[in-house]
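The structure appears below as structure tokens.
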Amino acid sequence: MSGRLPLHRVLRAGVGVLVLAFGALLVWFQQQAREIEVAVVVTLLRPVLGESVSAGADAIVLRLSELHYWCLRITAECTTLVFIVPMLLFAVATLLFTRVPVRRWLAASALGLLLVVVVNLFRLGLIVVSTLSWDRVGYEWSHTVVGTLVALAGVVVAALATLRILNGRPLRSRLRRRDSGAVAS
């Protein structure tokens with residue numbers, strides 16, 4: 001027996017390295033990522049909220065009244081990257097240390113990442129609408145309490161959806177196969 005790794009393991013490791021490099025690039029260019037996040041939120045909210053919301057680099061500018069503006073800065077602690085990076089690390093660990101088929105891994109990882117991005121965009125939109133509606137009180141509640149609950153619920157849903165896809169068949173079908181004499185995977 002030679003000490004060489006099978007080609008599929010080498011390829012999986014190569015993909016893992018590329019995913020880690022992508023995560024490192026996101027962190028390195030997090031300022032630009034936050035600016036893109038602001039642009040997306042403002043683009044989605046502008047048809048509904050009109051001129052009361054605009055983008056300013058990594059901040060959402062809110063016009064509360066004629067002379068009253070608020071600037072909601074998307075900080076490194078508030079960005080979607082806080083959720084994306086752990087999801088990428090989990091994806092790489094799953095790819096390297098399990099035998100999950102690559103197509104299933106790709107679908108699970110893509111869905112998990114999409115869900116955390118959508119949830120954080122929703123959270124940011126919620127903060128904007130609450131601040132416009134109730135000024136500082138709306139900001140405080142939507143940013144600290146409601147926004148945190150939305151983010152946590154979103155991460156849990158993303159993790160469960162990712163695990164569900166990675167797992168493959170439902171437990172019931174595996175138990176049926178086992179009970180019929182076939183070996184469950």
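These values consider heavy atoms only, across backbone and side chains, with no hydrogens, waters or symmetry-generated copies. Computed from a predicted structure; not experimentally measured.
- Taking each heavy atom of Ala13 and Leu96 in turn, the nearest pair found is CA-CD2, 3.5 Å.
- No side-chain heavy atom of Val92 sits under 4.5 Å from any side-chain heavy atom of Leu88.
- Ile60 and Val48 end up in the same hydrophobic cluster when Ile, Leu, Val, Met, Phe, Trp and Tyr side chains are linked at under 4.5 Å.
- Hydrophobic clustering keeps Val119 apart from Val117 (ILVMFWY residues linked when any side-chain heavy atoms are closer than 4.5 Å, directly or through intermediates).
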Inset, instruction - Show the numbers, then the answer: is there a side chain to side chain contact (heavy atoms under 4.5 Å, CB included) between Val27 and Val85? - result: CA-CA 8 Å; Val27 171; Val85 171; 3.7 Å; yes

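- Between Asp135 and His68, some side-chain heavy-atom pair lies under the 4.5 Å cut-off.
- When the shell of 6.0 Å around CH2 of Trp141 is examined, it contains 12 or fewer heavy atoms from other residues, nucleotides or ligands.
- When atom types are taken as modelled, the side chain of Arg73 and the backbone of Asp58 share no donor-acceptor pair closer than 3.5 angstrom.
- Expressed to the nearest 0.5 Å, how far OG1 of Thr98 lies from CH2 of Trp105 amounts to 10.0 Å.
- Between the side chain of Arg34 and the backbone N or O of Ile74 there is at least one donor-acceptor pair closer than 3.5 Å.
- The nearest pair of heavy atoms linking Val61 to Gly56 is CG2-N, 4.4 Å.
- Here the shortest heavy-atom pairing between Phe83 and Pro86 reads O-CD, 3.4 Å.
- In the hydrophobic clustering of ILVMFWY residues, with side-chain heavy atoms under 4.5 Å counting as a link, Val100 and Val19 come out together.
- Between Ala55 and Val38 the shortest heavy-atom distance is CB-CG1, 3.7 Å.
- Partner Val118 forms a side-chain contact (heavy atoms from CB on, under 4.5 Å) with one of Asn120, Leu114, Leu121 and no other, that one being Leu114.
- No donor-acceptor pair under 3.5 Å is formed between the side chain of Arg63 and the backbone N or O of Ser54.
- Arg12 contributes no side-chain N or O that, together with a main-chain N or O of Arg99, makes up a donor-acceptor pair within less than 3.5 Å.
- Interatomic distance, Ile36 CD1 to Gln30 CD, rounded to the nearest 0.5 Å: 12.0 Å.
- When all heavy atoms of Arg123 and Cys78 are compared, the pair lying nearest together is NH2-O, 2.9 Å.
- Residues Ser142 and Val129 fail the side-chain proximity criterion, which asks for heavy atoms closer than 4.5 Å.
- Residue Leu64 holds its CG atom at 7.5 Å from CH2 of Trp70, rounded to the nearest 0.5 Å.
- Considering CE of Met87 and OG1 of Thr94, their distance stands at 9.0 Å, rounded to 0.5 Å.
- Closest non-hydrogen pair, Ser52 versus Leu132, comes out as OG-CD1, 3.9 Å.
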Inset, instruction - Begin from the C-alpha positions of Thr79 and Glu37 and carry the test side-chain hydrogen bond (donor to acceptor under 3.5 Å, both in side chains) through to its verdict. - result: CA-CA 8 Å; Thr79 181; Glu37 216 168 348; 2.5 Å; yes

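- In this structure, the separation between CG on Leu111 and CD1 on Ile165 is 4.5 Å, given to the nearest 0.5 Å.
- With contacts defined as side-chain heavy-atom distances shorter than 4.5 Å, the pair Phe90/Leu166 qualifies.
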